[in-house]
Amino acid sequence: MTIVGVPAGWPASEEEARAVQDELRGRVVLGQPGPPPGTGRVTGVDVAYDDELDLVAAAAVVLDAATLDVVAEATAVGRVSFPYVPGLLAFRELPTVSAVLDRLPCPPGLVVCDGYGLAHPRRFGLASHLGVLTDLPAIGVAKNPFTFTYDEPAPARGSSAPLLAGAEEVGRALRTRDGVKPVFVSVGHRVSLAGALAHTLALTPRFRLPETTRRADALCRQALREAARGRPGAPTRPDGTPSAPPPPGR
DNA sequence: GCGACAG
DNA sequence: ATCTTGTCGC
């Protein structure tokens with residue numbers, strides 16, 4: 001199995017990573033409506049980690065937006081490319097996520113990320129970054145409010161309240177199920193906030209989290225288990241010799 | 001300076 | 001993210 005490495009020139013420090021965000025931020029396209037909800041394809045991407053083994057597994061699951069049926073899937077396994085630092089999540093996930101999108105047999109359509117887009121300290125979260133690198137329409141749907149504030153949306157599914165960075169609205173707290181904790185939606189690239197909300201609702205007919213995220217989450221965990229199975233911490237055969245040569249760096 | 005902080 | 005048993009409910 002090929003292991004995705006860390007790209008040459010990938011930021012090695014937090015300072016460098018923040019500079020990259022400041023540089024790429026200007027390439028985000030806002031104000032486009034984005035694809036009509038319920039049409040075309042919607043792709044969920046997610047990542048799972050094994051820091052012990054220095055492995056990261058990414059999955060992309062393409063759904064028919066109208067039926068939510070799975071149209072295509074792909075996985076990719078890579079090495080951890082950056083530590084988890086709030087505000088720099090993209091540098092941890094992007095190399096493997098880009099690789100997994102490249103492996104899809106069809107165009108992804110709208111990409112739904114597990115995390116934020118505009119709702120970010122420098123307004124350039126994972127969904128924005130991925131959108132800029134691929135030029136695909138992208139949105140972020142997160143499970144937590146991060147550092148932002150919001151008022152509780154009304155209890156009915158579909159209700160939302162502004163997600164605020166001070167007085168600036170950077171996204172919405174959206175109730176996807178009656179009486180259940182909201183999700184936090186923000187714009188990534190080439191999609192409006194209204195479009196992002198509509199897509200999120202179309203993807204949550206039954207559960208709090210989008211079908212895209214749920215499918216991608218299950219798949220990347222499975223891919224990680226399979227990758228880790230082949231690479232135990234101290235790989236040995238019954239006779240004690242190494243079971244596999246060290247994987248070539250990339 | 002301290003605490004909080006997407007995944 | 002990940003560590004983790006049982007438990008309540010559809």
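Protein chains get the first letters and strands the later ones, always in sequence-line order, with residue 1 at the start of each.
For A/Leu55 and C/dT2, the CG to C1' distance is 15 Å, given to the nearest whole Å. The nearest whole Å value for the distance from the NE2 atom in A/His129 to the P atom in B/dA6 is 19 Å. Rounded to whole angstrom, the span from the CZ atom of A/Phe146 across to the P atom of B/dC5 amounts to 10 Å. Between A/Ile139 atom CD1 and B/dA6 atom C1' the separation is 15 Å, expressed in whole Å. Atom C1' of nucleotide B/dG7 and atom CG of A/Leu224 are separated by 14 Å, given to the nearest angstrom. Atom CZ of A/Phe148 and atom P of B/dA4 are 18 Å apart (whole Å). Computed from coordinates, the A/Asp114 CG to B/dA6 P distance equals 12 Å when rounded to whole Å. Between A/Leu130 atom CG and B/dG7 atom P there is a gap of 16 Å when expressed in whole angstrom units.
Salt bridge status for A/Asp135 with A/Arg190: present, with a side-chain N to carboxylate O gap under 4.0 Å. A salt bridge links A/Arg92 and A/Asp51; the closest N-O separation between the charged side-chain nitrogens and carboxylate oxygens is under 4.0 Å.
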Quiz item: Hey, mind stepping through A/Glu169 and A/Tyr150 against side-chain hydrogen bond (donor to acceptor under 3.5 Å, both in side chains) and telling me if it holds?
Solution: CA-CA 10 Å; A/Glu169 179 173 5; A/Tyr150 66 100; over 6 Å; no

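Residue A/Asp46 is in sugar-phosphate contact alone, with no base atom involved, counting any heavy-atom pair closer than 4.0 Å across all strands shown. Within 4.0 Å of A/Leu88, counting heavy atoms only, lies at least one base atom of the nucleic acid. Looking at heavy-atom distances under 4.0 Å, A/Tyr49 makes contact with sugar-phosphate atoms alone, never a base. Within the nucleic acid shown, A/Arg221 comes within 4.0 Å of sugar-phosphate atoms alone, with no base atom in reach, counting heavy atoms only. Using a 4.0 Å heavy-atom criterion, one finds that A/Ala48 contacts the sugar-phosphate atoms exclusively. When heavy atoms are screened at a 4.0 angstrom cut-off, A/Gly140 is found touching no nucleic acid atom at all.
Regarding contacts with the backbone of B/dA6, every side-chain N or O of A/Lys143 stays at 4.0 angstrom or more from both OP1 and OP2. Between A/Asn144 and B/dC5 there is no side-chain polar atom (N or O) within less than 4.0 angstrom of OP1 or OP2.
Evaluation of A/Tyr84 against the base of B/dG7 yields a stacking contact (centre distance < 5.5 Å, interplanar angle < 30°).
The aromatic rings of A/Tyr116 and A/Phe148 lie perpendicular to each other, with more than 60° between the two planes, well past the 30° mark.
Within a 6.0 Å radius of CD in A/Glu15, more than 12 heavy atoms belonging to other residues, nucleotides or ligands are found.
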